[in-house]
Amino acid sequence: MTPSRIALLIFIAALITAFFSFDLQSYLTLETLKTQQAAIAGYRNDHPGMAIAVYGLVYVAVTGLSLPGAAILTLAGGAVFGLLWGTVIVSFASSIGATLAFLAARFLFRDAVKSKFGDRLQAIDAGIAKEGGLYLFTLRLVPVFPFFVINLAMGLTNLKTSTFYWISQVGMLAGTLVYVNAGTQLGQMESLAGILSPGLLGSFVLLGVFPLIANKIVAAVKANKIYAKWTKPAHFDNNIVVIGAGSGGLVTSYIAAAVKAKVTLIEKHKMGGDCLNTGCVPSKALIRSAKWLAHVKRAAEFGIKKADVDFDFADVMERVQAVIKTVEPHDSVQRYSDLGVAVIEGEAKILSPWEVRVSTGGKIHTLTTRAIVIAAGARPLVPPIPGIEAIGYLTSDSIWALRELPKRLLVLGGGPIGSELAQSFARFGSAVTQMEKAPRLLVREDSDVSDIVMAKFRQEGINVLVGHTAQEFIIDNGEKILLAEHQGEVVRIAFDQVLLAIGRVANTQGYGLEELGVEVSAKGTVAVNDFQETNYPNIFAVGDVAGPYQFTHTAAHQAWYAAVNALFGSFKKFRTDYSVIPWSTFIDPEVARVGLNEQEATEQGIAYEISTYHIDDLDRAIADGEAHGFVKVLTPPGKDRILGVTIVGEHAGDLLAEFVLAMKYKIGLNKLLGTIHIYPTMAEANKYVAGVWKRNHAPQGLLLWVARFHDWRRG
Ligand SMILES: Cc1cc2nc3c(=O)[nH]c(=O)nc-3n(C[C@H](O)[C@H](O)[C@H](O)COP(=O)(O)OP(=O)(O)OC[C@H]3O[C@@H](n4cnc5c(N)ncnc54)[C@H](O)[C@@H]3O)c2cc1C
């Protein structure tokens, strides 16, 4: 705790101690108030301004310090100043006092709470940012919720101080009126208990839930307004129409068909979308061939004197296509038709919230549907760098058509896609330069991860240029050149082909979203709420087009929520659960992560400790010649709860699965350590990192006594 916090804490503690030691509480009783009423009223008549000031200050002090007696003080307000002035003074004094208590709680404890429970607080903060005002208003309206608890608890959240103040003032008004009014009848009052009769309490509860109901009504009115200009069909051909047959669209249709809904899936290009045709599948097939080559180059390490390879890059790329062909039936029209999905190969356009037009083979169909799920994916970002169009470029869409290996390949982008392709092409023999604007590759990962990856890439001959910003493409003497800025200097990079891998943009244009006014977020994705709903509650979006993640498994995960909410949302809606999202970058060494890493925990102010196991010590990794990398687990200090895991090494993505399960079902490292792992496997690394954690938390004091016990037993 900082000195200023300690000083404030001592000051508050001293005031509270004084209050109780001098028994000031005894002045804040109904009896004292009744006996002193005449004297206080006399003082008020003689010194009205002073009376208001003293009363107001005492009120602020009592509420600000969360002392007992606010109810009596409120009655006194009515008894001394009457209904109108009593209400005005109490209303301001109680709001100011509440805000002081709120600010004190925030100043003293928010950082500590954040560092201890940061990951949970984040979810609360997100809820407060969205609907905190409404919750506070409800709590304030119902006087059964203790005043001081609300002040202190809200101080620990991220609620804005001004919002807290004015909502408190408005929300407490009804309760204040009741108490001040009761104070005007002080003579007839026997106890505090009678002020809130069950009937009055009931009315307050009704008042309290009113804002929540009003919120629902506002949402319904808003929805009606947005639908007002469209004519709703009398009946629908479909329960769901899905636009796009990538991972998101396929899984949505699959789930809808499984629960016997009538679903039509529309795909304008290739079934399977990006993942099958230009993304995960071809890239992993290419990586496999490249890795095979890399192994051959290491033949001597494995006791093989000589291993010559001869290959044709075109054959490698044909194998990639063969792999796609083999996987294709999983996502085919035939398979989905057999599952009960009506598949149309054509281009979809949304005409109204309930109508989708499909153009296919010169014919146009209009489908009516209760709900629409947009799963239109994303495309590679082409930055507006001068000269880019003239020079020609490759993207993750077009690179699969190459049959000739580029001699010099420039890869723009140091993220997962750029890194996977840069390493593969380098392994085939391209002279690869990989350029990244940030100071390191894989910037979302911790710097120790980037360091390992960059060292490995450089060792494999990749010219890794970080902190470089592309400025202009030129052709100089027939040679393609990129001019880049690095530390104020212009750097010239010559190349034959350039691959753009600097991000992906959601497909939000050209199929009706603009005409309908479907909202697009600041990031350029279709804006969705926690239920995957767009601003039209019957239009949903999933996958790359919606974000926030751009993975096949997250698209499939969101698809479940979209399908279920679209079909059964009128009974129960489910919020998409993003609590445990894993991913992997399939470079060598593989990098996989779930939950927080160090840089995210630090940014979010979440306290953590690290347990690291270095894989160079693992028997199986040594036997396989893959003794490198680590498993790093973040846990809250002193607690057996996994906040996040990063694995760098062979099969990191597969190894991570155990931690994904552990995090999802709140299994700690103790249990992982108590689970048998097969010897010798890479998966033992997971057990060993749990062992590192256990050793770091061994009860040293107790062990000292156990050692003494053994000494004593030996005599
Ligand atoms: C090189 C590369 C490697 C990747 N590797 C991985 C990986 O290893 N693991 C991983 O999890 N993710 C990986 N990804 C990401 C993954 O491919 C995407 O996250 C995933 O494909 C998103 O699925 P989606 O359904 O949202 O969109 P998509 O797969 O893009 O599908 C959208 C579909 O909608 C269709 N469409 C669009 N508009 C219309 C319209 N108007 N009418 C009809 N059809 C329309 C498109 O033709 C497309 O087929 C990789 C991506 C790339 C580029």
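Counting starts at 1 for both ligands and their atoms, in listed order. For clarity, every value in this text was computed on a predicted model and none was experimentally measured.
- Among all protein heavy atoms, the one lying closest to atom 26 (O) of ligand 1 is Asp544 N, 2.8 Å.
- Regarding atom 46 (C) of ligand 1, its nearest protein heavy-atom neighbour is Glu267 OE2, 3.5 Å.
- Of the N and O atoms on the side chains of Glu626 and His628, at least one donor lies less than 3.5 Å from an acceptor on the other residue.
- When each atom of ligand 1 is checked for a heavy atom of Ser396 under 4.0 Å away, the hits are 1 (C), 53 (C).
- Nearest protein heavy-atom neighbour of atom 31 (O) of ligand 1: Gly246 CA, 3.4 Å.
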key: Stepwise ring-ring contact (aromatic ring centres under 6.0 Å, His included) check, Trp354 with Tyr227   = CA-CA 10 Å; Trp354 305 282; Tyr227 288 117; 5.1 Å; yes
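- Checked by distance only, ligand 1 and Ala348 come closer than 3.5 Å through their nitrogen or oxygen atoms.
- Between Lys270 and Asp331 no salt bridge is recorded (no basic side-chain N to carboxylate O distance below 4.0 Å).
- Using 4.0 Å as the threshold, Arg504 has a heavy atom nearer than that to some atom of ligand 1.
- Proximity of a side-chain donor or acceptor of Gln423 to a complementary backbone N or O of Asp588 within less than 3.5 Å is detected.
- Residue Gln550 has at least one nitrogen or oxygen atom sitting less than 3.5 Å from a nitrogen or oxygen atom of ligand 1, judged on distance alone.
- The closest side-chain donor-acceptor pair between Asn238 and Arg370, if any, does not fall under 3.5 angstrom.
- Protein heavy atom in closest approach to atom 32 (C) of ligand 1: Ala375 O, 3.2 Å.
- No option in Leu409, Thr433, Ile391 other than Ile391 meets the side-chain contact (heavy atoms from CB on, under 4.5 Å) test with Phe495.
- In terms of protein heavy-atom proximity, atom 2 (C) of ligand 1 is closest to Gly279 CA, 3.4 Å.
- In terms of protein heavy-atom proximity, atom 50 (C) of ligand 1 is nearest to Cys280 N, 4.0 Å.
- Taking any N or O of Lys284, backbone or side chain, at least one lies under 3.5 Å from an N or O belonging to ligand 1.
- Close approach to Phe586 involves these atoms of ligand 1, each under 4.0 Å from a residue heavy atom: 8 (O).
- Protein heavy atom closest to atom 44 (N) of ligand 1, with residue, atom name and distance, is Lys268 N, 3.1 Å.
- Listed by number with element, the atoms of ligand 1 under 4.0 angstrom from any heavy atom of Lys270 are 49 (O).
- Not a single heavy atom of Pro416 sits under 4.0 Å from any atom of ligand 1.
- In this structure, Tyr549 has its ring center at least 6.0 angstrom away from the ring center of His553.
- Of the protein's heavy atoms, Gly244 CA, 3.1 Å lies nearest to atom 34 (O) of ligand 1.
- When the heavy-atom distances from atom 23 (O) of ligand 1 to Ser283, Gly543, Ser247 are ranked, the shortest goes to Ser247.
- Looking at Leu513, Ile287, Thr552, Ile374, it is Thr552 that brings a heavy atom closest to atom 16 (C) of ligand 1.
- Considering backbone and side-chain N/O of Asp274, one or more are found under 3.5 Å from N/O of ligand 1.
- The existence of a salt bridge linking Lys291 and Glu590 is excluded, since no basic side-chain nitrogen approaches an acidic carboxylate oxygen closer than 4.0 Å.
- Less than 4.0 angstrom separates some heavy atom of His269 from each of these atoms of ligand 1: 47 (O).
- In terms of modelled atom types and a separation under 3.5 Å, the side chain of Arg319 and the main chain of Ala314 share no donor-acceptor contact.
- Aromatic rings of Phe313 and Phe425 (six-membered ring for Trp) have centroids within the 6.0 Å cut-off, being under it.
- Note that Arg444 lies in the cation-pi zone of Trp583, set by a 6.0 Å cut-off to the ring centre and a 45° limit from the axis.
- At a heavy-atom distance under 4.0 Å, no atom of Trp583 approaches ligand 1.
- Taking every non-hydrogen atom of Ile266 and a distance limit under 4.0 Å, the qualifying atoms of ligand 1 come out as 43 (C), 44 (N).
- The contact set between ligand 1 and Tyr511, taken as ligand atoms under 4.0 Å from a residue heavy atom, comprises 41 (N).
- Under 4.0 Å is where a charged nitrogen must lie from a carboxylate oxygen, and between Arg403 and Glu318 at least one such pair does.
- Residue contacts with ligand 1 include Thr278, since one of its heavy atoms falls under 4.0 Å from the ligand.
- Among the atoms of Gly248, some N or O lies under 3.5 angstrom from an N or O of ligand 1.
- A donor-acceptor contact shorter than 3.5 Å is absent between the side chain of Arg408 and the backbone of Gln497.
- At distances below 3.5 Å, not a single donor-acceptor pair connects side-chain atoms of Thr369 with backbone N or O atoms of Ile372.
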